[in-house]
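Inspection log for the structure reproduced underneath, given as structure tokens.
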Amino acid sequence: MVRALLCGIFALLASTSSAYDVIREYSGNTFFDRWDFYGAPDNTTLGNVTWVSETNATSLGLAYVDIHGDVILKVDNTTNVTYGQERNSVRITTQDAYELGSLWLIDVNHIPYGCSVWPAFWSFGPQWPYDGEIDIIEAINLMTYNQMAVHTTPGCTHSGSVGQLGTSGSTTDCSQPSGCTVMETSPNSFGSGFATAGGGVWATKFDDTGISIWFWSRPDIPQSISQATSTSPLDISGWGTPHANYSSATCNMTTFFTPQNLVLDITLCGDWAGLSEDYDPTCGSSGPTGICYNDCVVGPGSPRYDTAYWNISYIRTYTTRSSYPSATATPTSSSSTTTGTSSTGTSTTSTAPTQTDFLDLPPFLQPIGSAQPHTISHVSLGMALVCGLAGFLACASLGLW
């Protein structure tokens, strides 16, 4: 009987090993409630923008929720910028830092693109680069594909194109300025193709086994995501091979990464999009000088920056029941996603709301040391118990009862 009971418990735990519970959804009118605006010039990538404060972003129409409930973050496309000035844009950072054992979803309808435009959705630890950085969405100018990357201190390497669908970059040393890059090979992951296809979804799994990133164009989004809600658990068991995979076998997660804050930003030109070797092939004929700042940033904003905006349905963060967002101080500004510059700026202390629905769970399923308890779906728990019973019966059929 004892053996059978243990089999049932093991089956229950196995049935929930691919299930993640929602920590938080950022969406709609409350999207900006737990984000900090940078409120300073881009001093990290040498971009020709000022990332404005929340007050200015709102008043200038650079950050808002549209009539469909989608979140818009954009570059100023209404101002005629004179030479020597910067163009206004937006960078925001979550007040919550997400620990190993978490998973992040972002559903995007439109990514900023165009000559000089450099958008990114990424994460960083509080002491960059010592606490690691994960670039989930990042590309420049008229690129047609997304580029993922990991940045760390020396000692973390990428095992190449093993266990992933994407194509690895030229270096496996994640401490190099470019980081360990992986180029997306699926179609419509950036630019006008992404927008025409209706957008898509990225998922990032961040745990002690490594970092895995998936991408699905809108027609290919799995039902586990398209049918999920802001409160339902998420089963990732059917997702298949990730598009980028950074294994802990060659990069120890607990050594090179701490809890990560999420960032959305748009800069212009700078030390990637504005470099002649990256700018000239597709954008060098954009103006008379062949210089990114002169021919793009200076002058009228429209139509140049009419496509330089994020349109986001939601960002959801999940946990495996033992990982919760940090309630400690988190910096509001950090490093470049491409070059090694140290973090600057102030810190904000997050105080997470308390939920108590988890207290009616069995002790072995309750959060341990959680700064922000969450509500586990009773439906998913019920399904887990059914699976546990199935495991019990399986053990009995094998003569273990």
Side-chain angles (χ1 to χ4, degrees), residues 10 12-25 94 96-106 121-126 130-137 148-153 155-159 162-166 174 179-180 182 201-215 222 224-225 228 233-263 315-328 330 364-374 376 380 384:
F10 289 147
L12 185 155
L13 294 176
S15 70
T16 60
S17 62
S18 297
Y20 285 75
D21 293 304
V22 175
I23 300 173
R24 178 165 291 113
E25 178 177 275
T94 57
D96 296 303
Y98 292 96
E99 300 177 0
L100 288 170
S102 59
L103 182 144
W104 320 319
L105 279 187
I106 181 169
F121 173 58
W122 54 290
S123 74
F124 70 96
Y130 305 104
D131 296 332
E133 174 184 326
I134 307 167
D135 300 333
I136 301 162
I137 305 173
M148 299 154 281
V150 160
H151 298 265
T152 67
T153 51
C156 170
T157 61
H158 186 215
S159 56
V162 177
Q164 66 181 33
L165 300 179
C174 301
C180 297
V182 176
V201 170
W202 278 266
T204 304
K205 181 166 69 75
F206 175 56
D207 65 23
D208 55 7
T209 66
I211 298 164
S212 298
I213 303 173
W214 289 264
F215 164 69
S224 61
I225 294 176
L234 185 67
D235 181 5
I236 72 170
S237 60
W239 287 2
T241 304
H243 294 231
N245 182 49
Y246 300 93
S247 171
S248 61
T250 57
C251 184
N252 187 294
M253 292 293 111
T254 58
T255 299
F256 294 101
F257 290 88
T258 63
Q260 300 280 295
N261 295 82
L262 308 181
V263 182
I315 295 174
R316 288 189 195 130
T317 58
Y318 294 81
T319 179
T320 52
R321 296 192 177 93
S322 60
S323 171
Y324 300 84
S326 170
T328 57
T330 57
F364 65 90
L365 286 180
Q366 290 183 15
I368 300 173
S370 168
Q372 197 264 311
H374 65 288
I376 295 177
S380 65

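Two residues are said to be in side-chain contact when any heavy atoms from C-beta on lie closer than 4.5 Å; Phe121 and Thr204 fail this criterion. Counting heavy atoms from C-beta on, the side chains of Thr317 and Ser102 never come closer than 4.5 Å.
To the nearest 0.5 Å, the span separating CD1 on Ile23 from CZ on Arg316 amounts to 13.5 Å. Atom CG of Asp208 and atom OG1 of Thr320 lie 8.5 Å apart (nearest 0.5 Å). Atoms CD1 and CG, on Ile225 and Leu105 in that order, are 5.0 Å from each other to the nearest 0.5 Å. Between Lys205 atom NZ and Ile213 atom CD1 the span is 11.5 Å, to the nearest 0.5 Å. One finds the CZ atom of Arg24 at 4.0 Å from the CG atom of Asp96 (value rounded to the nearest 0.5 Å). Between the NE2 atom of His158 and the CD atom of Gln164 there is a distance of 4.0 Å, given to the nearest 0.5 Å.
Trp239 and Pro222 make their closest contact through NE1-CG, 4.0 Å (heavy atoms, listed as atom of the first residue, atom of the second, distance). Of all heavy-atom pairs between Tyr246 and Cys180, the closest is OH-O, 2.7 Å. Taking all atoms of both residues into account, the shortest heavy-atom contact from Leu100 to Thr254 is CD1-CG2, 3.6 Å. Across all non-hydrogen atoms, the minimal contact from Leu234 to Ser224 is CD1-O, 3.1 Å. Closest approach of Ala97 and Asn261 over heavy atoms only: CB-OD1, 3.7 Å. When all heavy atoms of Ser212 and Asn245 are compared, the closest pair comes out as OG-OD1, 3.3 Å.
Remark: Ser248 engages Met253 in a side chain to side chain contact (heavy atoms under 4.5 Å, CB included) (not counting sequence neighbours). Looking at residues two or more places apart in sequence or on another chain, you find no ring-ring contact (aromatic ring centres under 6.0 Å, His included) involving His243.
Of the residues listed (Tyr20, Tyr98, Phe206), the one engaging Leu103 in a side-chain contact (heavy atoms from CB on, under 4.5 Å) is Tyr20, and it is the only one.
The main-chain N or O of Phe124 is found under 3.5 Å from a side-chain atom of Gln260 such that the two form a donor-acceptor pair. When atom types are taken as modelled, the side chain of Thr94 and the backbone of Leu262 share a donor-acceptor pair closer than 3.5 angstrom. In this structure, the side chain of Thr153 does not engage the main chain of Tyr130 through any donor-acceptor pair within 3.5 Å. At distances below 3.5 Å, not a single donor-acceptor pair connects side-chain atoms of Ser247 with backbone N or O atoms of Gly210.
Between Cys156 and Cys251, the sulfur-to-sulfur (SG-SG) separation falls under 2.5 Å.
Residues Thr319 and Asp21 bring no donor and acceptor atom of their side chains to less than 3.5 Å of each other.
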Would you check, one step at a time, whether the test side-chain contact (heavy atoms from CB on, under 4.5 Å) holds for Ile236 with Tyr318? CA-CA 11 Å; Ile236 72 170; Tyr318 294 81; over 6 Å; no
One pair to check against side-chain contact (heavy atoms from CB on, under 4.5 Å): Ile211 and Val150. What are the steps and the verdict? CA-CA 9 Å; Ile211 298 164; Val150 160; 4.1 Å; yes
CA sep, side-chain torsions, deciding dist, call: Cys174, Phe256, side-chain contact (heavy atoms from CB on, under 4.5 Å): CA-CA 10 Å; Cys174 301; Phe256 294 101; over 6 Å; no
Take Val201 and Trp214 through the test side-chain contact (heavy atoms from CB on, under 4.5 Å) and record every step on the way to the result. CA-CA 8 Å; Val201 170; Trp214 289 264; over 6 Å; no
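Using bins of under 30°, 30° to 60° and over 60° for the plane-to-plane angle, the ring pair Trp202/Phe215 lands in the tilted bin.
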